Amino acid sequence: MPKIHPVTKVLIIKRLKTRSTADVADTFNVSQRQVQRIKKRFEETGDIFDKPRSGRPRKTTAREDRLLARKSKASPFSTAAELHETWSPEVPVSTRTVCRILSQNGLHG
């Protein structure tokens, strides 16, 4: 199920005041079940936004990830351990985390 943009959700709620669920679903090219879920959440919480997800907070920011990828591209034959040593004083992460960040950016360390 693809995510529906929050602006679209607001429009769906507005349209539901005057139209049926099936009409709104056809208008926005989504399933009736999605429209029903949006309506139910709005009625229960008064809000259309997704709740925050659980999970461990990230150790690095997107900017730090880009910096690491840039360092890896600058020296393509360096290993993840070597990148970790040069990068680690700035950001306290493990070598495995460095390797994971590189693979997310399509690089191998």
Side-chain angles (χ1 to χ4, degrees):
M1 174 172 66
K3 282 196 168 191
I4 300 174
H5 195 273
V7 173
T8 307
K9 290 181 182 180
V10 171
L11 294 173
I12 287 173
I13 294 298
K14 287 181 180 178
R15 289 268 172 96
L16 280 171
K17 293 177 183 175
T18 59
R19 295 188 181 171
S20 69
T21 305
D23 289 341
V24 173
D26 289 341
T27 303
F28 291 99
N29 198 22
V30 295
S31 68
Q32 288 186 33
R33 183 68 183 134
Q34 284 179 308
V35 173
Q36 291 169 350
R37 283 189 191 127
I38 293 168
K39 179 181 177 184
K40 182 179 177 185
R41 179 180 293 144
F42 182 74
E43 289 172 350
E44 289 175 353
T45 64
D47 197 7
I48 51 103
F49 296 107
D50 291 338
K51 295 177 185 171
R53 302 287 188 249
S54 64
R56 185 184 178 113
R58 290 183 55 89
K59 282 289 209 180
T60 61
T61 62
R63 184 178 184 183
E64 292 168 338
D65 292 351
R66 288 192 306 269
L67 174 68
L68 180 64
R70 201 166 44 246
K71 284 184 178 186
S72 177
K73 289 176 184 175
S75 56
F77 296 106
S78 60
T79 64
E82 292 169 349
L83 288 169
H84 175 258
E85 288 177 14
T86 61
W87 190 56
S88 187
E90 300 169 16
V91 183
V93 295
S94 67
T95 305
R96 182 70 189 123
T97 301
V98 171
C99 195
R100 193 175 304 116
I101 291 168
L102 292 175
S103 69
Q104 286 173 350
N105 287 294
L107 302 168
H108 304 286

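Given the structure is predicted, the values throughout are model-derived calculations rather than measurements. What you see below is based on every heavy atom in this structure, not just the backbone, and it leaves out hydrogens, waters and symmetry mates.
Side chain of E82 to main chain of T79: a donor-acceptor pair is present (N/O by atom type, distance under 3.5 Å, no hydrogens or angles). Although no hydrogens or angles enter the test, the distance criterion places a donor-acceptor pair under 3.5 Å between the side chain of E64 and the main chain of T61.
Between the CD1 atom in I48 and the NE2 atom in H5 there is a gap of 9.5 Å [rounded to 0.5 Å]. If you take OG1 on T86 and CG on L68, they are separated by 8.0 Å, rounding to the nearest 0.5 Å. Separating the CD atom in E43 from the CD1 atom in I13 is a distance of 7.5 Å, to the nearest 0.5 Å. Summarising the geometry, atom CG belonging to D65 is positioned 11.5 Å from atom CZ belonging to R70; distances are rounded to the nearest 0.5 Å. In this structure, the separation between CD1 on I101 and NE2 on H84 is 10.0 Å, given to the nearest 0.5 Å. Here the straight-line distance linking atom OG1 of T97 with atom CZ of R100 works out to 5.0 Å at 0.5 Å rounding.
Around the NZ atom of K71, the shell of radius 6.0 Å holds more than 12 heavy atoms that belong to other residues, nucleotides or ligands. Few gaps surround CZ on R58; more than 12 heavy atoms of other groups in view lie less than 6.0 Å from it.
Minimum heavy-atom separation, K59 to P92: CE-O, 4.3 Å. Considering every non-hydrogen atom in both L102 and A69, the closest pair reads CD2-CA, 4.5 Å. Smallest separation of non-hydrogen atoms from V24 and R15: CG2-CB, 3.8 Å. K9 and I4 get closest at one heavy-atom pair: CE-O, 3.5 Å. The two atoms that bring L83 and S72 nearest to each other are CD1-CB, 3.8 Å, heavy atoms only.
Looking at Q34 and F28, their side chains never come closer than 4.5 Å, going by heavy atoms from C-beta outward. When side chains are defined from C-beta on, T27 counts as touching R19, because their heavy atoms get closer than 4.5 Å. In this structure, the side chains of R37 and R33 come closer than 4.5 Å at one or more pairs of heavy atoms.
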For this session: Tell me, with the steps shown, if I38 and L16 meet side-chain contact (heavy atoms from CB on, under 4.5 Å).
Result: CA-CA 10 Å; I38 293 168; L16 280 171; 5.9 Å; no
